[in-house]
Amino acid sequence: MDLDLDRHALDFRAEVRAWLAENVPDKPLASFDTAAGFEQHREWEKRLADAQLSVVSWPEEFGGRDASLLEWVLFEEEYYAARAPARVNQNGIFMLAPTLFAHGTPEQQRRILPAMARSEQVWAQAWSEPEAGSDIAALRSTATRTEGGWLLSGQKTWSSRAAFADAAFGLFRSDPGSERHRGLTYLMFDLRVDGVQVRPIPQLDGETGFAEIFLDNVFVPDSDVIGEPGNGWRVAMTTANNERGLSLRSPGRFLAAADRLLDLWRREGDPSDTALAERVTDAWIGARAYQLYTFETVTRLSEGGQLGPESSVNKLFWSRLDLELHETVLDILGSGAELRGDWLDGWLFSLAGPIYGGTDQIQRNTIAERLLGLPRGPR
Amino acid sequence: MRFTLSPEQRDFAASIDDLLAAADTPSVVRAWSHGEHEQGLRLWRQLADLGVTGLAVPEEHGGLDASAVDLTVAVEVLGRHAVPGPVVESLAALPVLLADSGATRWLPGLASGGSLGTLAWSPHVPYAVDADVADVRVCVSDGVLREFGPMAPLSSVDASRRLSAVDVRGEICPARTDRAWSFGVLACAAQLLGAGRRLLDMSVEYATQRSQYGNPIGGYQAIKHLLADVVTQLELARPLLYGAAVSLDTASPNAARDVSAARVACADAAYLAARTALQVHGAIGYTAEHDLSLWLTKVRALRSAWGTQAWHRAQVLAALTTERGAA
Ligand SMILES: Cc1cc2nc3c(=O)[nH]c(=O)nc-3n(C[C@H](O)[C@H](O)[C@H](O)COP(=O)(O)OP(=O)(O)OC[C@H]3O[C@@H](n4cnc5c(N)ncnc54)[C@H](O)[C@@H]3O)c2cc1C
């Protein structure tokens, strides 16, 4: 058991650190939840891609550099420590891409991944529907067979970045007589074609962070089905495990936030406030625990293990950590806490963590039933 | 990097686990609590045969000079089975303290399991555990090692922890304490994690068997969610524990910080496991007769042995804010 980095990993980390120091914009980009900010972030992704740093763990032929999972974790640590821009294509890179690696055809991989790596195509996740939130299997949007492909109809909602994104991926009921997890098909579709209407929804911070998507007989060719028609649920589980398990929220994010929290505490904290001091400490301990837990997961996966229900442990832990960390910051800031700024925006975003990607309650159900083996509840 | 136990370490854990599972430790604990040490001492001799007592003792004094990770593996299993006796003291803190301070004469006895050792450590460990049965009794204060004699017994919430204040006797030598203290704290954390995991397992088993309103209680979300929180806390405490052991093994400058962080997380997780276990069991868990009580009380006792949670948190924060060795 060790925590040593080999020469290759150390060199890689040094290169990433140097490149970021040189290239991260001094002035933060505008929020990617605005039209202008979205394009700034797209440009930033192109620069990252030019340096072969946008998708380090992917094979070289798709724009990556075949970095190991561990090196990817190190990349993330550096990325967040350098306060580099948020990843506008995160739902493509961290959710759709692993799904395509597991279930996509070689043709799909060649067509989609390089454009994703350069954010020439930015992706949104279109899973939730008005009547299907936690209970995704209750979805009603349909895919109807037609010559050479499918016609999509229905409504998706809460789709992050769909207001400005180019394309989306989601589940559709392709077998009209089917129920629940059966008869679903996983499809990719263009957001900027006839028959698709995208209606932005302002979030708590007032920006249009997500959107509703209305689909009216939108044609999608067979080549945009991922996996077998009717087998969408199984494909979707790959996406969900990646969303919860490792890739969407890596430890780097929380380590960097804990580090800034410690700086804030040193500058502005009141050492006699031991209750607050303990929360500061716990935030750092939590971030460190998540880092080491991730190293454990990385070791397991690199030795052939799978992401399983442990993904839910992961998600439940970081969603609470993020919230508690930001609440601690705001309590240190005291009467200045209500002012808009990075920390307040961070807190607003952390409020959503226990909701998206499967709510905390759903994660607890999964942990209890699939990890602890307790009896299954109603479905 | 390979941050997981080796096959040998897993086998080692399994062999200790097999031994203890066959030993009916609850009855050993109960006897020990009444001052009947015979069964318990037999168990310690069996642990010695597996090498457990020699792990932290240098080779030249009859030990195995094993890694802190190996020691953690063993002590976690001991916590899982609530093994009575001076686990932290005799297996971890005392061997390191005596070796580092050059007071080596007791080491061969500790390594072979021929003698048991206990320790008091001013100000955090004012009472020595099991001084009535220990052959080696050492206390640390003002940077000096001294022998001590036991005073009148004090009763702990964990009846198997037979405590006494110390009657300080002759000076042995100046103490070198840094590593020894960290080893003690690490072992305390390991014991807590093992106990916490056992409390969770007992709760899951009970929740599966016990029915109310026509359903197993483990089918109710209120119960499921409590247990999901427990496993999450435990699973995220474990890597801190083993990470701290690696820090000790590599003589990291952050070792003391990492050990304190591990103790904070393991004690909080184990305490949550204990509270939850009691709630899941209902009244049967509130009885002295039910084995749950053995783990529940041990967790409460260990949570403030070897430094309070507040003290350890303060250590972590001080380390983080003075020199920013956050890597
Ligand atoms: C900021 C943000 C971004 C998002 N981005 C996306 C996106 O990009 N794409 C996308 O498809 N979706 C997205 N979502 C939607 C998200 O996935 C859903 O909000 C989530 O799945 C929960 O669904 P819901 O909001 O309908 O709540 P509901 O499912 O209606 O849940 C409401 C409450 O009931 C509880 N509950 C529900 N079922 C159970 C049960 N069986 N047991 C116990 N408690 C239960 C929930 O935990 C919750 O507390 C986003 C949401 C947010 C907040």
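In what follows, every chain begins at residue 1, and chains take the letters A, B, ... in the order their sequences are listed. The analysis underlying the following values was restricted to heavy atoms, covering all of them including side chains, and did not include hydrogens, waters or symmetry mates. Being a predicted model, the structure only gives us computed values, none of them experimental.
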Legend entry - Worked check of side-chain contact (heavy atoms from CB on, under 4.5 Å) between A/Val298 and B/Met1: CA-CA 9 Å; A/Val298 165; B/Met1 173 185 306; over 6 Å; no
Inset, instruction - Check step by step if side-chain contact (heavy atoms from CB on, under 4.5 Å) holds for A/Leu262 and B/Leu317. - result: CA-CA 9 Å; A/Leu262 283 166; B/Leu317 189 58; 3.8 Å; yes
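Heavy-atom distances place both the backbone and the side chain of B/Thr4 under 4.5 Å from chain A. With a 4.5 Å cut-off on non-hydrogen atoms, A/Leu5 touches chain B through its side chain but not through its backbone. For A/Gln361, the parts lying under 4.5 angstrom from a heavy atom of chain B are both the backbone and the side chain. The contact between A/Leu70 and chain B is made entirely by side chain atoms (from C-beta outward), counting heavy-atom distances below 4.5 Å. With a 4.5 Å cut-off on non-hydrogen atoms, A/Asp2 touches chain B through its backbone and its side chain both. Heavy atoms of A/Asp360 lying under 4.5 Å from chain B are absent altogether.
For chain B, the option among A/Arg300, A/Glu77, A/Glu303, A/Glu310 with the highest count of heavy-atom pairs below 4.5 Å is A/Glu303. For chain B, the option among A/Pro375, A/Gly286, A/Ala368 with the highest count of heavy-atom pairs below 4.5 Å is A/Pro375.
Proximity of A/Trp265 to B/Leu320: side-chain heavy atoms (C-beta onward) are nowhere separated by under 4.5 Å. The side-chain heavy atoms of A/Arg288 and B/Asp258, taken from C-beta on, include a pair separated by under 4.5 Å. Annotation: side chain of B/Asp229 is not in contact with side chain of A/Ile367 (no heavy-atom distance under 4.5 Å).
Using modelled atom types, one side-chain atom of A/Thr299 and one backbone atom of B/Phe3 make a donor-acceptor pair closer than 3.5 Å.
Note: B/Glu235 CD to A/Asn314 CG = 11.5 Å, rounded to the nearest 0.5 Å. Interatomic distance, A/Leu372 CG to B/Lys224 NZ, rounded to the nearest 0.5 Å: 10.5 Å.
Screening A/Phe295, A/Tyr290, A/Tyr293 for a side-chain contact (heavy atoms from CB on, under 4.5 Å) involving B/Pro239 leaves a single residue, A/Tyr293.
Nearest heavy atom pair, residue B/Ala228 against residue A/Leu316, reads O-CD2, 4.5 Å. Of all heavy-atom pairs between A/Leu3 and B/Gly243, the closest is CD1-CA, 4.4 Å. Pairing each heavy atom of A/Ala289 with each of B/Leu236, the nearest pair is CB-O, 3.4 Å.
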